[in-house]
Amino acid sequence: MRRYFDAYNAGDVQALNENSCAATQRTEATPPPYPTIVRIVGTPVITGDSASVPVSMSISTDKFSPPSPSSTVTLPLVRDGGRWTFCLVERPANG
């Protein structure tokens, strides 16, 4: 999780792809305007080659200000090639 979000915050496509499942590989990435801060807050639940990890997430809006209030979410991982990788596939909007 940490390697993925470090790469996300840096806009590092190669590191994003190294830490993402095959279904979410990218060809480009732009760093977000404000870094996302992720902290693991519980024990991952592993079921076969899938896992869910409880994390708190917040946004760092300014190096002189505290981060935004955090939200606790559960993020999915899959074992891909012997490594745990982040695997959140966006669902298309109904329209």
Side-chain angles (χ1 to χ4, degrees):
M1 295 305 314
R2 288 187 187 110
R3 288 189 302 259
Y4 176 87
F5 279 97
D6 286 347
Y8 171 78
N9 288 329
D12 183 340
V13 174
Q14 180 178 347
L16 277 168
N17 288 340
E18 288 170 0
N19 293 288
S20 300
C21 66
T24 62
Q25 300 289 300
R26 302 172 181 218
T27 57
E28 60 183 54
T30 302
Y34 303 108
T36 300
I37 301 167
V38 177
R39 289 185 182 86
I40 297 172
V41 295
T43 304
V45 175
I46 300 171
T47 307
D49 287 336
S50 298
S52 51
V53 181
V55 300
S56 72
M57 299 179 80
S58 60
I59 304 295
S60 178
T61 57
D62 181 315
K63 66 181 178 180
F64 301 109
S65 301
S68 68
S70 64
S71 296
T72 300
V73 297
T74 301
L75 297 178
L77 297 177
V78 296
R79 195 178 335 240
D80 191 8
R83 293 184 45 179
W84 287 106
T85 58
F86 183 64
C87 197
L88 183 62
V89 179
E90 295 181 27
R91 294 182 187 145
N94 292 336

Check: [Y] and [X] side chains under 4.5 Å, non-hydrogen atoms:
| X | Y | result |
| --- | --- | --- |
| Val78 | Thr85 | yes |
| Cys21 | Phe86 | no |
| Val53 | Pro44 | yes |
| Phe5 | Leu75 | yes |
| Ile59 | Ile37 | no |

What closest approach, in Å, do [X] and [Y] show between heavy atoms, and which atom pair accounts for it?
| X | Y | value |
| --- | --- | --- |
| Ser58 | Pro69 | CB-O, 4.1 Å |
| Tyr34 | Ser60 | CB-O, 3.2 Å |
| Ala7 | Ala15 | CB-CB, 3.5 Å |

Notebook entry, point to check: Is it true that Val38 and Val73 fall in one hydrophobic cluster, defined by side-chain heavy atoms closer than 4.5 Å?
Noted result: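 Yes; Val73 is reachable from Val38 via cluster members.
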Inset, instruction - Report yes or no: do Ile40 and Met57 belong to one cluster of Ile/Leu/Val/Met/Phe/Trp/Tyr joined by side chain heavy-atom distances under 4.5 Å? - result: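 Same cluster.
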Residues 2-13 vs side chain to side chain donor-acceptor pair (under 3.5 Å), sequence neighbours excluded, gives Arg3-Asn19, Tyr4-Arg26
Between the CG atom in Asp80 and the CG atom in Leu77, the distance rounded to the nearest 0.5 Å is 11.0 Å
**Asked** Just by distance, do the side chain of Gln25 and the backbone of Ser20 share a donor-acceptor pair under 3.5 Å?
**Response**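 Yes, the answer is positive, given that a donor and an acceptor are paired below the 3.5 Å cut-off.
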